[in-house]
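See below for the structure under consideration.
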Amino acid sequence: MADQTFTTDDIALAIEIPGIYDGTSCWLLRDGRLINRWTRGPARRYEATQRWIDTNGAALRAANTDLLD
């Protein structure tokens, strides 16, 4: 299970992943962590979001280094 210990002040970017949910599916935190929103929710959304994070997370961090601490 992903670490859900953060506040809104820690969020650098909310990510919507088309085809998974029409809204935030994960957050990029200012410390560089990517948090999957769906730790409590439909397993299919958790798994699809986690695959997206695993595939795209490094590129997302690299493209948004200006938002990170």
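FYI, the numbering just counts along the sequence from 1.
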Mind checking the [atom1]-[atom2] spacing from [X] to [Y]? Nearest 0.5 Å is all I need.
X     : Y     : atom1 : atom2 : value
Arg37 : Thr39 : CZ    : OG1   : 10.0 Å
Thr49 : Trp38 : OG1   : CH2   : 7.0 Å
Phe6  : Asp31 : CZ    : CG    : 10.5 Å

Can you list, pair by pair, the side-chain donor-acceptor contacts under 3.5 Å of residues 9-20, counting residues two or more places apart and other chains?
residue: Asp10; atom: OD2; partner: Thr7; partner atom: N; Å: 2.7
residue: Asp10; atom: OD2; partner: Thr7; partner atom: OG1; Å: 3.3

Using modelled atom types only, decide if a donor and an acceptor are shared between the side chain of Asn36 and the backbone of Tyr46 within a distance under 3.5 Å. yes
Under 3.5 Å, side chain of Arg33 to main-chain N/O of Leu28, donor-acceptor pair present? no
Determine, stepwise, if the pair Leu60 / Leu34 fulfils side-chain contact (heavy atoms from CB on, under 4.5 Å). CA-CA 9 Å; Leu60 181 76; Leu34 276 161; 3.6 Å; yes
Quick one: list whatever passes side chain to side chain contact (heavy atoms under 4.5 Å, CB included) with Thr65, sequence neighbours left out. none
According to salt bridge (charged side-chain N to carboxylate O under 4.0 Å, His left out), who are the partners of Arg30, at least two apart in sequence or on a separate chain? Asp69
If you draw a 6.0 Å radius around CG in Asp22, do more than 12 non-hydrogen atoms from other residues or ligands fall strictly inside? no
Trp52 versus Ser25: any side-chain heavy-atom pair under 4.5 Å? no
